[in-house]
Undergrad: 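Before I ask anything, let me first share the structure, which is written out below as structure tokens.
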Amino acid sequence: MNTPSLHPIIQDLVDTLVQGYNLIESMDDCTYVSVPTHVKASSIGAHYRHHLEHVQILLQNLHDTTVDYDCRPRSCKIEQDRQFALCYTQKLIEQIKNLTEHDLDKTLVVAHRTCTQDETRCAPSTLRREILFLVSHTIHHYALIKLIAESFGAHIHKHFGVMPSTLVHLNQN
């Protein structure tokens, strides 16, 4: 799925989403929606929905310039319907592929609740910075997805859910 015309940062996000897509596609519906009973954790579907909605929020708010990651729809359909989640992932990937290098320097204001007592905090950012955040955020949720899948007996590739910086570090040793 490598598209040579994409800027490397955009391609990194596409590649990261494709990793998740491939894993979700390979599992059955029951594994996707089941909640582990031996630990207090969310389902794979809940973690997958969470990270997809972060991507969705960024893409939807590029024209408004304010991105509030807390204002997510929390779609039960993505969380509970694996086929719908796969189709949704494909749509997001196609939208991401429409981004250009010029888009990366678009300035944004990011709003995010960092505590429960005060108002939402805001900070300036760029699309480039937010894509870097999304790749990291997604991989961290993939690590949780991997743990949940393995608790159900799945065998997940050892590099799934591991940050690229960690993989580079491990390869140097």
Side-chain angles (χ1 to χ4, degrees), residues 1-24 42 44-75 78-79 85-148 156-172:
M1 282 189 136
N2 196 0
T3 308
S5 62
L6 293 180
H7 186 279
I9 290 174
I10 297 169
Q11 186 65 55
D12 293 343
L13 181 56
V14 168
D15 292 346
T16 302
L17 293 177
V18 168
Q19 286 177 15
Y21 178 94
N22 290 339
L23 178 67
I24 300 305
S42 299
I44 290 169
H47 285 283
Y48 197 70
R49 172 200 51 79
H50 175 83
H51 92 79
L52 286 182
E53 288 181 343
H54 275 71
V55 175
Q56 172 193 12
I57 290 299
L58 179 63
L59 293 172
Q60 283 180 343
N61 291 288
L62 283 178
H63 303 295
D64 297 336
T65 70
T66 299
V67 177
D68 186 344
Y69 291 116
D70 296 330
C71 291
R72 298 184 313 277
R74 292 169 171 86
S75 169
I78 295 171
E79 190 170 324
L86 290 170
C87 290
Y88 194 77
T89 305
Q90 288 175 323
K91 289 177 186 174
L92 289 175
I93 289 170
E94 290 310 310
Q95 289 177 15
I96 293 164
K97 286 181 176 181
N98 288 326
L99 297 172
T100 66
E101 184 172 357
H102 176 73
D103 293 327
L104 292 174
D105 294 320
K106 178 172 178 44
T107 58
L108 304 166
V109 173
V110 175
H112 194 63
R113 183 170 288 283
T114 56
C115 70
T116 57
Q117 295 81 17
D118 294 327
E119 298 297 315
T120 299
R121 311 284 190 223
C122 295
S125 190
T126 62
L127 178 59
R128 181 184 312 268
R129 170 63 187 98
E130 293 311 303
I131 289 176
L132 292 174
F133 160 72
L134 288 177
V135 170
S136 176
H137 181 255
T138 297
I139 292 170
H140 283 286
H141 277 277
Y142 286 177
L144 295 169
I145 288 170
K146 180 180 182 176
L147 289 172
I148 297 165
I156 309 299
H157 191 279
K158 66 181 182 177
H159 294 160
F160 185 83
V162 180
M163 290 296 294
S165 60
T166 301
L167 295 173
V168 168
H169 173 75
L170 293 173
N171 284 335
Q172 293 172 348

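Reckoned from all heavy atoms, side chains included, excluding hydrogens, waters and symmetry mates.
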Undergrad: Could you go through the side chain to side chain contact (heavy atoms under 4.5 Å, CB included) check for Leu62 and Leu99 one step at a time?
TA: CA-CA 10 Å; Leu62 283 178; Leu99 297 172; 3.7 Å; yes
Undergrad: With a 4.5 Å cut-off on side-chain heavy atoms, are Ile10 and Thr100 touching?
TA: no
Undergrad: Rounded to the nearest 0.5 Å, how far apart are CG of Leu58 and CG of Leu13?
TA: 8.5 Å
Undergrad: Restricting to non-hydrogen atoms, name the atom on Lys158 and the atom on Val162 that form the minimum distance, rounded to 0.1 Å.
TA: O-CG2, 3.5 Å
Undergrad: Testing His47, His51, Arg49 for side chain to side chain donor-acceptor pair (under 3.5 Å) with His141, which one passes?
TA: His47
Undergrad: Within the 4.5 Å heavy-atom criterion, are Ile139 and Pro164 side-chain neighbours or not?
TA: yes
Undergrad: Please examine the side chains of Ser5 and Lys97, heavy atoms only from C-beta on, and report whether any two atoms are closer than 4.5 Å.
TA: no
Undergrad: Give the minimum heavy-atom separation between Ala143 and Gly161, together with the two atoms involved.
TA: CB-O, 3.4 Å
Undergrad: Ignoring hydrogens and angles, tell me if any N or O in the side chain of Asn22 forms a donor-acceptor pair with the backbone of Gln19 under 3.5 Å.
TA: no
Undergrad: Applying side-chain contact (heavy atoms from CB on, under 4.5 Å), can you list everything that pairs with Thr65, at least two apart in sequence or on another chain?
TA: Lys106
Undergrad: Hey, does Leu92 have a side-chain heavy atom less than 4.5 Å from the side chain of Leu59?
TA: yes
Undergrad: Are Asp105 and Thr126 side-chain neighbours, meaning at least one heavy-atom pair lies under 4.5 Å?
TA: no
Undergrad: Do His50 and Glu79 make a side-chain contact, defined as non-hydrogen atoms from C-beta onward lying under 4.5 Å apart?
TA: no
Undergrad: Which pairs count as ring-ring contact (aromatic ring centres under 6.0 Å, His included) when at least one residue sits in residues 114-136, sequence neighbours excluded?
TA: Tyr69-Phe133, Phe133-His137
Undergrad: Would you say the side-chain atoms of Arg121 pair up with the backbone N or O of Val110, donor to acceptor, closer than 3.5 Å?
TA: no
Undergrad: When rounded to the nearest 0.5 angstrom, what is the spacing between CD1 in Ile96 and CG in Asp15?
TA: 10.5 Å
Undergrad: If you take all heavy atoms of Ile148 and Ser42, which pair is closest and at what distance?
TA: CD1-O, 3.0 Å
Undergrad: Can you name the closest pair of heavy atoms from Tyr48 and Thr89 and give their distance?
TA: OH-OG1, 2.8 Å
Undergrad: Sequence neighbours excluded, which residues qualify as side-chain contact (heavy atoms from CB on, under 4.5 Å) partners of Leu23?
TA: Ser26, Met27, Ile145, Ile156, Phe160
Undergrad: Within the distance-only criterion (no hydrogens, no angle test), does the side chain of Tyr21 pair as donor or acceptor with the backbone N or O of Gln90 below 3.5 angstrom?
TA: no
Undergrad: Should Tyr142 and Thr16 be marked as a side chain to side chain donor-acceptor pair (under 3.5 Å) after you check the CA-CA gap, both sets of side-chain angles, and the distance that decides it?
TA: CA-CA 10 Å; Tyr142 286 177; Thr16 302; over 6 Å; no
Undergrad: Under the side chain to side chain contact (heavy atoms under 4.5 Å, CB included) rule, what do Leu6 and Val14 come out as? Steps first, then yes or no, please.
TA: CA-CA 10 Å; Leu6 293 180; Val14 168; 4.1 Å; yes
Undergrad: Is Gln56 close to Pro73 at the side-chain level, that is, under 4.5 Å between some pair of heavy atoms?
TA: yes
Undergrad: Let me see the working for Asn61 and Asp68 under side chain to side chain contact (heavy atoms under 4.5 Å, CB included), right down to the final yes or no.
TA: CA-CA 8 Å; Asn61 291 288; Asp68 186 344; over 6 Å; no
Undergrad: Quick one: CG on Leu127 to CG on Leu134, what's the gap to the nearest 0.5 Å?
TA: 9.0 Å
Undergrad: Is the shortest side-chain heavy-atom distance between Asn98 and Asp103 below 4.5 Å?
TA: no
Undergrad: State the CD-SG distance between Gln60 and Cys71, to the nearest 0.5 angstrom.
TA: 11.0 Å
Undergrad: What are the two closest non-hydrogen atoms of Thr120 and His112, and how far apart are they?
TA: CG2-N, 3.1 Å
Undergrad: Give the minimum heavy-atom separation between Ala85 and Leu52, together with the two atoms involved.
TA: O-CD1, 4.1 Å
